[in-house]
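Presented below is the structure to which this report refers.
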Amino acid sequence: MLWTRCLVLLLFWGSSGGQQAAERDAVPAQLQAGSRQRQRSPPPTEPLNFGFVPAAVYDTHAYYEPGPIGILFHMVHAFLYVVQPNPFPKELIVKVIQQNMGGIKLEEWRKPENVVLLLQWIHYEAGFLICASIGLLVVVLTPLIGTLFCMCRCCENCGGEMHQRQRKNADCQRGFYTASLIASTIFIILGVCVAYSANHNISTHIKSTRRLINTNIRDLKTFANNTPSQIEYLTAQYTTAKNKVLSDLDNIGAVLGGRIHSQLEKEVVPSLDTALRMAGGKVENAVKAMRETKEALESVSTSLEVLQEGTGKLQGTLSAERASLTNTLSDPACTNGAVSPTCNAIRATLSQLGISANYLKLPNINHAIENVDTLLKTDLSNVVQKGYSSFNDTPRLVREQTKNIVAGVKGMLDKIGAEITNFAKMFPVEPSLTNFTIFLTEGQKKIESYYPQIDQIDFYRWIGCVAALCMVILVLAFNCLGLLCGTCGYDKQASPTTRGCLSNTGGNLLMAGVGFSFIFCWILMSAVTTLFVASGNIEKLLCEPLSNRQLFQIIDTPYMVHPAKKNFLPGMLFQNPNIDLTVGSMYRECFDNNGLYHALQLETMFNINSFLNQTAYNKDLGKLFDGVQVNLQDITLLEQAGRDNLINFANSGIGQIDYEAYLAEVNKGVTDVDLLTFSVDLEARADQLPRGALENALRGHASSIRQIHRDLVEPMEQATKYVRARNTLSQSIKQLQKMSNDLPVKVNNILSAIDAAEYLIVHNASHVVKQETKGYMQTLVGYFTQYTEWVKNSLMGEVAQCKPISNVVDSMEIVACSFVVDSVNTFWFGLGASCIFMIPSIIFSVKLSKFYRRMDTEDVFEDSPYPDTLVRFPRASAPPIDYDW
């Protein structure tokens, strides 16, 4: 009854382990069905610390070390192995038992198969049968031979004639017989010591058996008393998982919101990053382009001012010089027919005195610079930061939008806890264990009530064994006294008829030992043979297979104990013999100190799905968290003002600048004609004129033009600021020309990338929220998975550890085999050795007594009647009469 109640209790805890297996199958299926992207592994669950189950401390140490007497035990085991070297006949025993389920019937043994079994059994028991036959032969022949020996000696035969032949090797024979008798006596003494040690060992360990019984019963009580507290500890640890779940629910904003934010970074942000990098990069490039455009515009403006300043001075000087030269050519002297062509030729070249690159006519670009300055005041670089900062509000949104859901989950957890507590209270475990404890107490009292009877029986046994040993000791006493008296009283000078009283007493004691040997030997040998056959077979057929657990294989043979039950243990405990539960497997689990739940394979007895269907908290959690929705549709990366500024930048007028005009002016020279060449030509033409004022004036103008070239043109061509201004102006114009072509495309790309990033956030957020919600649910379920796995492992190895059950079996083996059977085997081994050595002791005692006893007649040597020989003939002679005797 106790086992059934315990099993039912432990069922609940096993059910949790099955529940989590179902959850582990259900949650990935939901994630697979709902995911539209590549599935990812669920986040790792934080390990929970459930502590340690209160361990039971058992006092029984089911281990026996025999000590010095163990050497004798090993000798007996070696002797039994010589007698019976065959392996344990498992198949033979199984067949014999199965064929005699209904009882032994003699007519059944006449069948051929039974005859074969009988022959196999005889072959297995051959060693015991041979030794038992020898023992029976000794038992039968010893009294018969003793009777014949007595009758023969009464007829003065078999050494009964009180006459001793005188031989030359008499001393050698006497020494040999003495040594042989001493050796036989020593072996008999050793056998007595071995038998007495075994006898004393039985009495000693029978008393220590009480300690084993008490510790085993105490361990069973500890097992019964500690199991409820262990189960209560398992129940209480549900609070650990529950509190962790509640903690995560209270911090759902940081936990779930953080996970959503993190997952957005992992799954949305890779795409978002692309968009934002595109947008951000393009914004950055656009800002850079704006700044470069501004710099280029400013460079153009600055360079244009420098060039316009130099060009203005040169243009004014050249205009004045051209007007002065025109006035000079207006002189009447130029109307002279010979001079007139020269003046006309000079007058025709006056138009060349002008500037080539007229920077003054280039348009002003200050309006474009002002448009770029206005756009740069808008912080376009904030687009990326604003895109990422939009995720920071996710925890707050989750916390605000899951208030009702968190409350529902908390209520559901409280409901589950109440169901677990109520389910645990359905089974009266403590009353059952209390009844079991009472049963153990009453059983212990009953066992203790048999202690006086056991002590009395053991006392009688001890007396009987000592009495048997006393028979051998009596023979030893006669042998030892006979040897002592005969050896001490023997006189080599005395004739056989004149031997002393001490020597004669020694011989009589030896013959008395022979007589008692014939009287006791067959009695002792019959006891030895009986004990040998009984305890020897018990050792080979019970103790050895029990020590190597082969006996369990016979018990666990299907249909062995009951013809209708495949496995008798589950059939007895659970009325279901088809469960693969054996005595051997249960013993192994208990020997390893595993839990009773695992040892009895209770997972095969109870349907845990019913409890799972009643709780099913994973599905409810899934339904609750399916309602979690985080709205990220209001996220705007670029405000409308920023968009307008970008459009205004594209329409800032940079593309309307006449870059070709700028480049054309930059590529022109400073003047239309080389002033030095012009002055040389002017002097050459002046040389063609007659000497006079006109010639001198023209030469003066040539000198002035040369001076203008030297003072203005050369500095403009050679001065750094003018050259740099022209080069900068050229580069800036080319750069602006290039920018003006790509500027609308860049602006459109910026706006498209920002729109794509916003679309990615808005439309992918729901998937990420759903996916992370399922991952969060898996995390919560993972806490319960840890709890149920911990409960399952605790049930298998820590709760209701059934070591006391294996200790009971081991203690029974120790008491029955190590204490009793080994000692009994050692007893008959020593007593049997003494009986065997009594046979040579009888022979040597009879032979040796001739040398110690006083003879009635002796050999008298007379001289030979033939003088030619030295042969002496003995004759019988009676001893002289001594009237003092």
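The residues of the chain are indexed from 1 along the displayed sequence. Computation of the quantities below employed the complete heavy-atom set of this structure, encompassing side-chain atoms and omitting hydrogens, waters and symmetry-equivalent molecules. Bear in mind that the values here come from a model prediction, so they are computed numbers and not experimental data.
- Between Phe552 and Thr582 the shortest side-chain heavy-atom distance does not fall below 4.5 Å.
- For Glu125, there are no salt bridge (Lys or Arg N to Asp or Glu O under 4.0 Å) partners two or more places apart in sequence or in a different chain.
- Take Asn548 and apply the side-chain contact (heavy atoms from CB on, under 4.5 Å) test, not counting sequence neighbours, and it matches Pro545, Gln550.
- Contact check for Tyr451 versus Ile206: no side-chain heavy atoms found under the 4.5 Å cut-off.
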Can you give the donor-acceptor pairs under 3.5 Å from side chains of residues 811-821 to other protein atoms, not counting sequence neighbours?
{"unit_1": "Ser811", "atom_1": "OG", "unit_2": "Asn216", "atom_2": "ND2", "d": "2.9"}
{"unit_1": "Ser811", "atom_1": "OG", "unit_2": "Asn807", "atom_2": "O", "d": "2.6"}
{"unit_1": "Glu813", "atom_1": "OE1", "unit_2": "Arg549", "atom_2": "NH1", "d": "3.4"}

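- The nearest pair of heavy atoms linking Asp219 to Pro804 is O-CG, 3.9 Å.
- Ser806 and Arg588 are not linked by any side-chain donor-acceptor pair at a separation below 3.5 angstrom, with hydrogens and angles left out of the test.
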> Going through the distances and angles, do Val799 and Tyr597 end up as a side-chain contact (heavy atoms from CB on, under 4.5 Å)?
Replying inline: CA-CA 8 Å; Val799 176; Tyr597 177 83; over 6 Å; no
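- Atom-to-atom distance recorded for Ile447:CD1 and Asn214:CG is 9.0 Å, nearest 0.5 angstrom.
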>> Using the rule given for side-chain hydrogen bond (donor to acceptor under 3.5 Å, both in side chains), can you reason through Glu65 versus Tyr63, listing the C-alpha separation, both sets of side-chain angles and the distance that settles it, and then say yes or no?
In response: CA-CA 7 Å; Glu65 182 62 41; Tyr63 175 77; 2.9 Å; yes
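- Nearest heavy atoms, Ile202 versus Ser823: CG1-CB, 3.0 Å.
- Interatomic distance, CG of Leu531 versus CD1 of Ile538, reported as 10.0 Å (0.5 Å rounding).
- Annotation: side chain of Val53 is in contact with side chain of Trp790 (closest heavy-atom distance under 4.5 Å).
- Between atom CG of residue Asn593 and atom CD of residue Gln801 there is a gap of 4.0 Å, rounded to the nearest 0.5 Å.
- A 4.5 Å side-chain heavy-atom check between Ile217 and Lys221 finds at least one atom pair inside the cut-off.
- Between Asp822 and Val76, the closest side-chain pair of non-hydrogen atoms is not below 4.5 Å.
- In this structure the side chain of Glu539 reaches within 4.5 angstrom of the side chain of His77, judged on heavy atoms.
- Gly536 and Leu80 make their closest contact through CA-CD2, 4.2 Å (heavy atoms, listed as atom of the first residue, atom of the second, distance).
- The pair Asp810-Lys803 does not meet the salt-bridge criterion, since no charged nitrogen lies less than 4.0 angstrom from a carboxylate oxygen.
- In this pair, Phe128 and Phe532 present their aromatic rings tilted. The plane angle is within the 30 to 60° band.
- Thr60 places a side-chain N or O within donor-acceptor distance of the main-chain N or O of Thr215, the cut-off being under 3.5 Å.
- Atom CD of Gln786 is separated from atom OG1 of Thr240 by 11.0 Å, given to the nearest 0.5 angstrom.
- Atom CZ in Phe50 sits 10.5 Å away from atom OG1 in Thr239 (nearest 0.5 Å).
- Side-chain rings of Phe223 and Tyr58 stay apart, their centers remaining 6.0 Å or farther from each other.
- Residues satisfying the side-chain contact (heavy atoms from CB on, under 4.5 Å) test with Lys90, not counting sequence neighbours, are Phe88, Val94, Gln553, Ile554, Thr557.
- Counting all heavy atoms, side chain and backbone alike, His598 lies closest to Asn594 at CD2-ND2, 4.4 Å.
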>> Would Thr826 and Ser197 count as a side-chain contact (heavy atoms from CB on, under 4.5 Å) here? Give the steps.
In response: CA-CA 8 Å; Thr826 305; Ser197 299; over 6 Å; no
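- A donor-acceptor pair is defined here as one N or O able to donate and one able to accept, closer than 3.5 Å; no such pair exists between the side chain of Thr204 and the backbone of Asn201.
- For Tyr196, the ring pair (Phe, Tyr, Trp, His ring centres under 6.0 Å) test picks out no residue, with sequence neighbours left out.
- We find the CZ-CD distance between Arg210 and Gln444 to be 12.5 Å, quoted to the nearest 0.5 Å.
- At distances below 3.5 Å, not a single donor-acceptor pair connects side-chain atoms of Gln601 with backbone N or O atoms of Ile579.
- Open room surrounds CD1 on Ile71; 12 or fewer heavy atoms of other groups in view lie less than 6.0 Å from it.
- No side-chain donor-acceptor contact under 3.5 Å links Thr434 and Thr437.
- In this structure, Ala599 and Cys802 approach most closely via the heavy-atom pair CB-SG, 3.9 Å.
- Using a 4.5 Å heavy-atom threshold, the side chains of Val57 and Thr222 count as separate.
- Taking the salt bridge (Lys or Arg N to Asp or Glu O under 4.0 Å) definition, one finds that Asp556 meets it with nothing, sequence neighbours left out.
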> How far apart are the C-alpha atoms of Tyr783 and Asp248, what are their side-chain angles, what is the distance that settles it, and do they pass the side-chain contact (heavy atoms from CB on, under 4.5 Å) test?
Replying inline: CA-CA 11 Å; Tyr783 297 135; Asp248 283 2; 2.8 Å; yes
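- Aromatic ring orientation, Trp121 versus Tyr124: tilted (interplanar angle from 30° to 60°).
- Considering every non-hydrogen atom in both Trp828 and Ser535, the closest pair reads NE1-OG, 2.8 Å.
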